[in-house]
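The chains referred to below are lettered A, B, ... by the order of the sequence lines, with proteins before strands, and numbering in each begins at 1. Bear in mind that the values here come from a model prediction, so they are computed numbers and not experimental data.
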Protein chains: 2
Amino acid sequence: MPKLVDPQERRRVVVDALFRVVVREGLQRASLRTVADEAGLNIGSLRHYFAGQAELMDFAMRSMIDRVSGRLVQRIEDGGELREYTAAEQLRFVTGLMEELLPLDDRRRAEVTVFLDFNAAARTNPAFRDLAFKAADGTRRLIRRALALLADGGALRAGLDLDVESERLASLVDGLCLNAVLHPDVLDAQSCTRVLHAHLHSLTDLP
Amino acid sequence: MPKLVDPQERRRVVVDALFRVVVREGLQRASLRTVADEAGLNIGSLRHYFAGQAELMDFAMRSMIDRVSGRLVQRIEDGGELREYTAAEQLRFVTGLMEELLPLDDRRRAEVTVFLDFNAAARTNPAFRDLAFKAADGTRRLIRRALALLADGGALRAGLDLDVESERLASLVDGLCLNAVLHPDVLDAQSCTRVLHAHLHSLTDLP
DNA sequence: TGTTTTATGTCACAGCCGTGATAGAAAAAG
DNA sequence: CTTTTTCTATCACGGCTGTGACATAAAACA
């Protein structure tokens, strides 16, 4: 006999509604009332699962980060022993990893859109600063490890500075996300992947 | 005999105040009242120079775009006949042009910060969409022309696709702007220029 | 001078917002 | 059954928003 309401499920429904509002109208318009309406709930009901706006926002941001990092971890686990890969295989793996961060389909586009709005808000809203920093630091570490993997495998071009290349790839990915979300008709998914592939390829000696 | 108040100067003062508020507290908190306070004006006085919020925001965004594009045009005019440059000189010129877009000092940091907030808002606010698109399109054209210049001068590496490289450089610059503004302690001005220099250098055959 | 335009300041209104308080329905526990 | 907890729903308050209306003051003009 299932309980009529599953609190965990309810919170997920609310967060999904919040994401839809943010994608459609921006984080600024994601008030308790608009989110409750989007979720088909009464605001009183929503406030029974989230004590206040701060808790809702914090939970939503954590949920989104968990989803993305979960997919990344899954990919890494599925990869197995990456050191045993050939250079070309390693490059393909890293490419897939970076593509997970780009808005190449509706799901990832929504995530990136929300993520960008959250980060922009985190610049001036102390409530988001720590989380935004951890997220940025996490992808930064991931990218650095990915490039270090290529370097260990001998796939990386000679004379490349790992620090500089990590920053360059991280900023390129962020810039692609930004432009793909803000001007999707100018920078579509195809162009995005083409640029990413060209960049990663230019870091290697592969044909 | 100067008039006691110069309307044009007043509007500039108001826009400067708006920029300070946006940099300090975000575009969201830049209301007519907070901007008026920041400018040391009464809200009634402010509304004498700007009919409403929409006009103020529109004027402010245009002002910022004019400032940046003005500096770029100045650099291009000062450059003279670029086609007569050597490959190394052309690369230096293009580097300087791109550096004008990065938040390398307080003035540029403020401009980029405001610009990013405006663009984020433009995603969901139709009032900003046209301007945001024109600005993005302008820098896109500029970057493409800069790379075309290098290509004509023979400085560009063989086998590079101008379309892909334009997108790559544009997104890299945007990503550097984003990270430098959101995490200035992680990506400082030095790291920014190092990455930019490494990228532009990698596009050429220069030593 | 008087008149007109420009500039500044103040008030009130409706519309959101988050949130505290509270009531009542529904489900679970005793 | 009764009691308790969980859930849903509604009201009211203060705070902030843009804006229309208006009064006053200052400068420019005639």
Using side-chain heavy atoms (C-beta onward) and a distance below 4.5 Å, is A:Val73 in contact with A:Glu77?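 Side chain of A:Val73 against side chain of A:Glu77, heavy atoms only: contact under 4.5 Å found.
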Can you pull out the residues from residues 11-26 of chain B that lie within a 4.0 Å heavy-atom distance of DNA chain C?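 The answer is none.
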Rounded interatomic separation in angstrom, taking [atom1] from [X] and [atom2] from [N]:
X	N	atom1	atom2	result
B:Asp6	D:dA28	CG	P	12 Å
B:Gln8	C:dT6	CD	P	16 Å
B:Gln28	C:dG18	CD	P	10 Å
B:Leu41	C:dT8	CG	C1'	10 Å
A:Arg10	D:dT6	CZ	C1'	12 Å
A:Asp37	D:dT8	CG	P	15 Å
B:Arg29	D:dG15	CZ	P	15 Å
A:Glu55	C:dG20	CD	P	12 Å

A:His197 and A:Glu99: side chain donor to acceptor below 3.5 Å: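 Their side chains do contain a donor-acceptor pair, which is all the 3.5 Å distance test asks for.
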Please check: side-chain N/O of B:Ser171 versus main-chain N/O of B:Arg168, any donor-acceptor pairing under 3.5 Å?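 Answer holds: no.
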Would you give me the side-chain donor-acceptor pairs under 3.5 Å for residues 118-126 of chain B, sequence neighbours excluded?
residue, atom, partner, partner atom, Å
B:Asn119, ND2, B:Phe115, O, 2.7
B:Arg123, NH1, A:Val23, O, 2.7
B:Arg123, NH2, A:Val22, O, 3.0
B:Arg123, NH2, A:Asp117, OD2, 3.4
B:Asn125, OD1, B:Ala127, N, 3.0

Could you tell me whether B:Arg11 sits above the aromatic face of B:Phe59, with NZ or CZ closer than 6.0 angstrom to the six-membered ring centre and within 45 degrees of the axis?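 Yes.
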I'd like a table of atom pairs between the protein and nucleotides 18-22 of chain D - only N or O on both sides, under 3.5 Å - with the distance next to each one.
residue, atom, partner, partner atom, Å
D:dG18, OP1, B:Leu32, N, 3.2
D:dG18, OP1, B:Gln53, NE2, 3.2
D:dG18, OP2, B:Leu32, N, 3.1
D:dG18, N7, B:Arg33, NH1, 2.8
D:dG18, O6, B:Arg33, NH2, 3.3
D:dT19, OP2, B:Gln53, N, 2.8
D:dT19, O4, B:Arg33, NH2, 3.3
D:dG20, N7, B:Arg47, NH1, 3.2
D:dG20, N7, B:Arg47, NH2, 2.9
D:dG20, O6, B:Arg47, NH1, 3.2

Test of understanding: with side chain to side chain donor-acceptor pair (under 3.5 Å), list the residues that count as partners of B:Asp137, not counting sequence neighbours.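 Side chain to side chain donor-acceptor pair (under 3.5 Å) check on B:Asp137 returns B:Arg141.
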Partner residues of A:Arg140 under the side chain to side chain donor-acceptor pair (under 3.5 Å) criterion, sequence neighbours left out: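 Counting only residues at least two positions away or on another chain, A:Arg140 forms a side chain to side chain donor-acceptor pair (under 3.5 Å) with A:Glu167.
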Are OP1 or OP2 of C:dT6 and a side-chain N or O of B:Tyr49 less than 4.0 angstrom apart?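 No, no such contact exists.
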Are B:His48 and C:dA7 close enough that a side-chain N or O sits under 4.0 Å from OP1 or OP2?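 For C:dA7, OP1/OP2 do have a side-chain N/O of B:His48 under 4.0 Å.
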Taking only distance into account, with no hydrogens and no angle test, what donor-acceptor pairs under 3.5 Å do side-chain atoms of residues 184-192 of chain B form with protein atoms, sequence neighbours excluded?
residue, atom, partner, partner atom, Å
B:Asp188, OD1, B:Ser191, N, 3.0
B:Asp188, OD1, B:Ser191, OG, 2.8

Spacing of A:Leu196 atom CG and A:Leu172 atom CG [to the nearest 0.5 Å]: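 Interatomic distance, A:Leu196 CG to A:Leu172 CG, rounded to 0.5 Å: 7.0 Å.
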B:Asn42 side chain, from C-beta outward: closest of C:dT10, C:dA7, C:dC17: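 Nearest nucleotide to the side chain: C:dT10.
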